[in-house]
2 protein chains.
Amino acid sequence: MASERKAREHSLKTRKAILDAAEKIMREEGYAAVSSRRIAETAGLKSQLVYYHFGVMDDLFLALFQREEERFFVEHARAMSAPNPLRALWRLSLDPPTTRLTQEFVGLANERTSIRKEIARSKQRFRSLQTTFVARMLESLGVGDASELSHVLPFVVVAVSSALVSEKGLGISDGHAAVLAYFDKKLSALDAEAFPAEARSLASH
Amino acid sequence: MASERKAREHSLKTRKAILDAAEKIMREEGYAAVSSRRIAETAGLKSQLVYYHFGVMDDLFLALFQREEERFFVEHARAMSAPNPLRALWRLSLDPPTTRLTQEFVGLANERTSIRKEIARSKQRFRSLQTTFVARMLESLGVGDASELSHVLPFVVVAVSSALVSEKGLGISDGHAAVLAYFDKKLSALDAEAFPAEARSLASH
DNA sequence: GTCTATAGGCCGATAGAC
DNA sequence: GTCTATCGGCCTATAGAC
């Protein structure tokens with residue numbers, strides 16, 4: 001029936017509105033500010049609808065996290081297949097909206113056991129993707145201690161960019177310019193060495 | 001009067017008990033779990049005493065932070081004057097109790113404006129101390145681009161150790177061994193270069 | 001699927017007796 | 001300085017009408 005389809009679409013629309021509102025609050029005011037009432041206020045609907053569509057609050061947070069993880073996975077894959085993958089990963093990790101939300105989820109994980117497992121699983125997933133990628137990259141360069149560096153490099157990139165975003169949120173920027181310049185320089189150089197412009201240009205023919 | 005002195009001592013004891021309880025809860029369950037009632041329960045006293053001794057909750061958090069900052073400053077100074085200062089700073093930043101609490105205060109800063117300024121001020125203070133210290137160290141080594149590195153090095157050390165502690169809290173340890181080995185090695189080497197054992201041994205005579 | 005109404009809990013904070 | 005008592009607020013979550 002057409003009415004069933006319409007109802008389903010409407011339901012999806014409400015779910016999206018709730019998730020969007022939750023995400024906005026979480027980004028701007030932190031996970032602690034996310035409540036069914038604040039979501040309702042932001043999305044322009046009644047707080048009980050949150051429970052109707054998502055069950056308990058834990059499930060809402062899980063749904064939001066999974067949506068975010070999917071989105072991040074796409075951006076992550078794009079960064080990895082860029083001509084300068086290390087620098088692209090670095091810039092992606094520097095994106096304030098993305099990283100800010102990730103940090104909030106980590107904070108949330110300290111409070112809610114059901115969330116912690118998901119965050120941990122997701123973090124390990126991306127870490128594994130990055131380590132594998134960098135390992136291949138270093139091997140193709142003939143680097144000797146590729147095993148250690150392939151773990152260290154992605155870890156440092158993510159940790160440092162995360163710290164930059166965190167401090168920016170606190171209104172601090174001491175030394176940030178130096179850190180940005182240093183990593184842009186070093187990562188670009190490594191990218192250029194692993195994926196020389198000539199090879200790329202030849203490969204595309 | 002002796003009774004006045006006794007009362008003052010008792011008051012200090014209560015204040016300490018409250019701060020200790022708040023710190024314990026914050027460490028174990030996160031800043032969101034710190035409430036006057038939970039403090040009272042943990043410290044074995046009435047929740048109203050929290051307000052009597054500290055005014056509003058913001059002031060309690062400020063008092064706790066300042067106590068913690070003082071403690072950290074002492075440890076920080078000790079690390080800087082160690083024979084291998086960079087590695088000592090690295091190990092200090094890796095201390096879970098210290099770093100875990102710092103991270104909770106950063107989260108708290110997202111919620112409470114009055115706290116944010118204090119956290120930012122303190123972070124800048126330590127950053128400045130570290131940058132100055134590393135700059136002198138690199139200059140004595142005759143490093144050319146000492147200005148950039150003196151900003152990058154402390155930033156990376158703090159960011160990476162913070163990320164290690166954070167992940168450990170989530171139950172993740174993928175690649176941690178490699179990161180630990182790498183930084184221990186690199187920082188120790190830099191320390192040894194700047195403060196050779198012979199120079200130290202001669203200077204102490 | 002959305003509404004009104006409401007139960008039950010923890011919170012910050014204050015007033016006033018002792 | 002510590003006690004009892006209490007107010008008002010925001011929260012999660014559910015019941016039941018439409």
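Throughout, protein chains are lettered first and strands after them, A, B, ... in sequence-line order, and every chain is numbered starting at 1. The analysis underlying the following values was restricted to heavy atoms, covering all of them including side chains, and did not include hydrogens, waters or symmetry mates.
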field: side-chain hydrogen bond (donor to acceptor under 3.5 Å, both in side chains) involving K185(A) - partner list, sequence neighbours excluded
entry: E148(B)
query: Going by number, which of residues 24-33 of chain B have a non-hydrogen atom under 4.0 Å from DNA chain D?
result: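 Nucleic-acid contacts, sorted: none.
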For [X], check ring pair (Phe, Tyr, Trp, His ring centres under 6.0 Å) against everything at least two apart and list the hits.
{"X": "F133(B)", "result": "none"}
{"X": "H176(B)", "result": "F155(A)"}
{"X": "H76(A)", "result": "F72(A), F126(A)"}
{"X": "F61(B)", "result": "none"}

Given DNA chain D, 5'-ward residue of the pair S35(A) and R37(B), judged by closest heavy atom: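 Its nearest nucleotide being more 5', the pick is R37(B).
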message: Atom OH of residue position Y182(B) - does it have more than 12 heavy atoms of other residues, nucleotides or ligands inside 6.0 Å?
response: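 Not more than 12 within 6.0 Å, no.
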message: Using a 4.0 Å heavy-atom cut-off, does R15(A) contact any base of the nucleic acid, only the sugar-phosphate backbone, or nothing at all?
response: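 If one applies the 4.0 Å heavy-atom cut-off, R15(A) turns out to touch nothing in the nucleic acid.
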- prompt: Which residue pairs pass the ring pair (Phe, Tyr, Trp, His ring centres under 6.0 Å) test with at least one member in residues 5-27 of chain B, sequence neighbours excluded?
  reply: none
When the distance from [atom1] of [X] to [atom2] of [N] is rounded to whole Å, what number comes out?
{"X": "I39(A)", "N": "dC10(D)", "atom1": "CD1", "atom2": "C1'", "answer": "14 Å"}
{"X": "D59(B)", "N": "dT14(C)", "atom1": "CG", "atom2": "P", "answer": "11 Å"}
{"X": "R38(A)", "N": "dC11(D)", "atom1": "CZ", "atom2": "P", "answer": "8 Å"}
{"X": "E111(A)", "N": "dC10(C)", "atom1": "CD", "atom2": "P", "answer": "15 Å"}
{"X": "F61(B)", "N": "dA13(C)", "atom1": "CZ", "atom2": "C1'", "answer": "15 Å"}
{"X": "F54(A)", "N": "dT14(D)", "atom1": "CZ", "atom2": "P", "answer": "16 Å"}
{"X": "M57(A)", "N": "dC10(D)", "atom1": "CE", "atom2": "P", "answer": "16 Å"}

Run the salt bridge (charged side-chain N to carboxylate O under 4.0 Å, His left out) test against [X] and tell me which residues pass, sequence neighbours left out.
{"X": "K24(A)", "value": "E28(A)"}
{"X": "D174(B)", "value": "none"}
{"X": "E29(B)", "value": "R38(B)"}

- request: Taking only the side-chain nitrogens and oxygens of Y51(B), find out if one of them lies under 4.0 Å from OP1 or OP2 of dG12(C).
  value: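 The answer is yes; a side-chain N or O of Y51(B) sits under 4.0 Å from OP1 or OP2.
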message: In the structure I gave you, are the side-chain heavy atoms of F73(B) and L129(B) within less than 4.5 Å of one another anywhere?
response: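 Heavy-atom side-chain distance check passes, below 4.5 Å.
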Please write out each protein N/O paired with an N/O of nucleotides 16-18 of chain C under 3.5 Å, distance rounded to 0.1 Å.
none

Would you tabulate the pairs of protein nitrogen or oxygen atoms and nucleotide nitrogen or oxygen atoms of nucleotides 1-4 of chain D closer than 3.5 angstrom?
{"residue": "dG1(D)", "atom": "OP2", "partner": "Y52(B)", "partner atom": "OH", "Å": "3.0"}
{"residue": "dT2(D)", "atom": "OP1", "partner": "H10(B)", "partner atom": "NE2", "Å": "2.7"}
{"residue": "dT2(D)", "atom": "OP1", "partner": "T14(B)", "partner atom": "OG1", "Å": "3.2"}
{"residue": "dT2(D)", "atom": "OP2", "partner": "H53(B)", "partner atom": "NE2", "Å": "2.9"}
{"residue": "dT4(D)", "atom": "OP2", "partner": "K46(B)", "partner atom": "NZ", "Å": "3.3"}
{"residue": "dT4(D)", "atom": "O4", "partner": "Q48(B)", "partner atom": "NE2", "Å": "3.4"}

